[in-house]
Amino acid sequence: MRLDIISIFPEYFAPLGVSLIGKARERGTLDVRVHQLRDWAHDVHKTVDDTPYGGGPGMVMKPEVWGEAIDDVIGDGGPRMIVPTPSGRPFTQELAQELAGEEWLLFACGRYEGIDSRVMAEYGSRLRVDEVSIGDYVLAGGEVAVLVMVEAIGRLLPGVLGNVRSAVDDSFAPGAMRNLLEGPVYTKPPVWRGHEVPDVLLSGHHGKVARWRRDQALRRTVATRPELLAEIDAETLDKHDRRL
Ligand SMILES: Oc1ccccc1-c1ccno1
C-alpha cells in the first residue's frame with residue numbers, strides 16, 4: 001500500500017518510522033511519502049491560507065496551493081483521498097478494514113478552519129474522497145487524526161501484525177467481536193500484590209476460556225458502551241454464543 005500525506009507539519013509523521021508501521025515500511029509493505037504543502041506556495045512567505053469568505057474567525061487553506069500539491073503528488077493516478085475533519089464520517093474499525101483494502105491512500109491534512117471546500121469538490125469528480133472524523137472533539141489540525149488512521153489501517157495489512165489472531169480478537173473486529181469491547185487481559189505472575197488471575201484462564205480449557213472472554217466482553221460493553229449492543233442483532237449474538 002502506498003500512503004501519501006500532505007501537511008504543513010511533515011515532522012508530525014516521524015512516529016511512522018517506528019514500531020509496527022516503521023517495520024512495515026522497511027519490509028516494503030507500506031510506502032509512506034510525506035509532502036510539505038508549502039512547497040507549492042510560491043510567494044515569499046509560502047502562504048497557504050487566507051481569510052474566509054463571508055467573514056468569521058480564523059483562516060481557510062487556499063485551494064490553489066492544495067490543487068498544485070495534489071496534482072503533483074497523484075499525477076494521473078487515482079488514490080482514495082481522505083480528509084480528516086471534525087465534520088466528517090466517523091472513523092471506525094469497519095472503515096479501517098475497508099481502507100486497508102485500498103492500494104493507494106492520499107491524506108490531506110487541513111489546519112486552521114479547514115481546506116477550501118472546492119478542493120474536495122474538484123477531486124471528488126475524479127477520486128473517491130472521504131471527509132473523516134476520528135471523534136467528537138476539535139484538534140488543531142488533521143495530522144494527529146492521520147497518525148491514528150494510519151496506525152489503525154496499517155496494523156490490518158498482511159504481515160504487519162506478528163499474530164494475525166490478535167487482529168481478529170480486536171475490539172470492534174468483524175465477526176465475533178464486532179461492536180464488542182475487549183475484556184480484561186492478564187499475564188504472569190498468577191498473583192500480583194494479592195490480585196489473582198481468574199482461575200478459568202489457568203484451566204487450560206479452551207472452550208471455557210473462550211466463553212469467559214466473550215462474557216467479559218459483553219459485560220464491559222454493557223457497562224461502558226451499551227449503545228454498541230443495539231447494533232448487534234440478537235441472531236448474531238446468539239450465533240457466536242452458541243458456537244462457544
Ligand atoms: O478537529 C480537527 C481539525 C482539523 C482536522 C481534523 C480534525 C478532527 C477532529 C476529529 N477528527 O478530525
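Atoms within each ligand, like the ligands themselves, are counted from 1 in listed order. Predicted model only: the values in this text are computed from it and were never measured.
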Would you mind checking which non-hydrogen protein atom is closest to [atom], with the distance to 0.1 Å?
| atom | value |
| --- | --- |
| atom 8 (C) of ligand 1 | Pro86 N, 3.7 Å |
| atom 9 (C) of ligand 1 | Tyr137 O, 3.2 Å |
| atom 10 (C) of ligand 1 | Gly135 O, 3.3 Å |

Which of the atoms of ligand 1 are close to [X], meaning less than 4.0 Å from one of its heavy atoms?
| X | result |
| --- | --- |
| Pro84 | 5 (C), 6 (C) |
| Gly142 | 4 (C), 5 (C), 6 (C) |
| Ser133 | 10 (C), 11 (N) |
| Val138 | 1 (O) |

Decide, yes or no, whether a salt bridge links [X] with [Y] under the criterion of side-chain N to carboxylate O below 4.0 Å.
| X | Y | value |
| --- | --- | --- |
| Glu182 | Arg213 | no |
| Asp215 | Arg219 | yes |
| Asp130 | Arg89 | yes |
| Asp116 | Lys62 | no |

For ligand 1, does Leu139 get within less than 4.0 Å through its side chain, its backbone, both, or neither, judged by non-hydrogen atoms?
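Both backbone and side chain.
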
If I apply the N/O under 3.5 Å rule, does Ile134 come out as touching ligand 1?
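Yes; at least one N/O pair falls below 3.5 Å.
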
Distance-only N or O hit between ligand 1 and Gly141, under 3.5 Å:
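By distance alone, the answer is no.
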
Would you say Phe91 touches ligand 1, if touching means a heavy atom closer than 4.0 Å?
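No; Phe91 lies far enough from ligand 1 that no heavy-atom distance drops under 4.0 Å.
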
Closest non-hydrogen atom pair between Met149 and Ile134, with its separation:
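In this case the closest contact between Met149 and Ile134 is CG-CG2, 4.1 Å.
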
Option from Val129, Leu106, Val83 for which side chain to side chain contact (heavy atoms under 4.5 Å, CB included) with Tyr123 holds
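Going through the options one by one, the only one that passes is Val129.
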
For His206, does the NE2 atom sit with more than 12 other heavy atoms under 6.0 Å from it, leaving out its own atoms?
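12 or below, so no.
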
Can you tell me if CD on Glu94 sees more than 12 non-hydrogen neighbours from other groups inside 6.0 Å?
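Counting other residues, nucleotides and ligands, CD of Glu94 stays at 12 neighbours or fewer.
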
